[in-house]
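For reference, the structure is listed below as structure tokens.
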Amino acid sequence: RQMTLGVTTLHRRIEAQWRKLRPSVAALAAGQVAVLQHADVQALVDTCTQAFRREELELLPMAHRLLGDDALAKIAAAMDARDRASGDRP
């Protein structure tokens, strides 16, 4: 339970950091002038790196042991579809 709480906390931090950066990134993608603060971008990169490392080293091996390949593939597909449908993928 502690492991999933830690990963959830990291993901909430990623969401908050992305909400802050998204308007500037969207403006840049649209060819507009925008400013991105290095510290804000670095914070997002660092949080993502921390979350991905924790998931790969702790959460995914446990999930694989408990659920198996087929169930994990279904979960991954559902998460991917949800992210694409929301249009809010960092």
Side-chain angles (χ1 to χ4, degrees):
R1 182 164 170 93
Q2 181 66 27
M3 183 186 326
T4 57
L5 181 60
V7 171
T8 300
T9 300
L10 286 170
H11 278 267
R12 295 301 167 257
R13 191 179 315 152
I14 289 168
E15 291 167 3
Q17 291 167 329
W18 176 241
R19 273 192 303 275
K20 183 176 181 180
L21 290 171
R22 188 172 188 216
S24 295
V25 172
L28 290 170
Q32 300 169 359
V33 175
V35 176
L36 290 170
Q37 297 298 321
H38 180 268
D40 294 337
V41 174
Q42 190 61 54
L44 177 61
V45 169
D46 291 346
T47 306
C48 287
T49 300
Q50 185 181 4
F52 298 156
R53 183 174 297 127
R54 189 162 189 179
E55 289 168 358
E56 288 177 10
L57 295 177
E58 299 174 22
L59 190 61
L60 292 177
M62 181 183 67
H64 191 293
R65 283 191 308 274
L66 296 173
L67 301 175
D69 291 335
D70 290 342
L72 287 177
K74 288 178 184 176
I75 292 168
M79 291 172 68
D80 188 51
R82 181 201 64 203
D83 290 347
R84 277 187 276 115
S86 73
D88 194 32
R89 214 178 205 167

Identify the two heavy atoms, one from Ser24 and one from Ala34, that lie closest to each other, and give their separation to 0.1 Å. O-CB, 3.5 Å
Can you tell me how far the CD1 atom of Ile14 sits from the OG1 atom of Thr9, to the nearest 0.5 Å? 11.0 Å
CD of Gln50 to CG of Leu10: how many Å apart, nearest 0.5 Å? 4.5 Å
Which value, rounded to the nearest 0.5 Å, describes the distance between Lys20 atom NZ and Gln37 atom CD? 8.0 Å
Rounded to the nearest 0.5 Å, what's the gap from CG on Asp40 to CD on Gln17? Could you check? 8.5 Å
Minimal heavy-atom distance between Glu56 and Pro61, with the atoms involved, is O-CD, 3.3 Å
Assigning hydrophobic clusters by single linkage (Ile, Leu, Val, Met, Phe, Trp, Tyr; side-chain heavy-atom cutoff under 4.5 Å), is Leu59 placed with Phe52? no
Note: Lys74-Asp70 ion pair, threshold 4.0 Å (strictly below): no
Co-membership, hydrophobic cluster, residues Ile75 and Leu60, 4.5 Å side-chain: no
To the nearest 0.5 Å, how far apart are CG in Leu67 and CZ in Arg65? 11.0 Å
Could you give the distance from CE (Met79) to CZ (Arg82), rounded to the nearest 0.5 Å? 5.5 Å
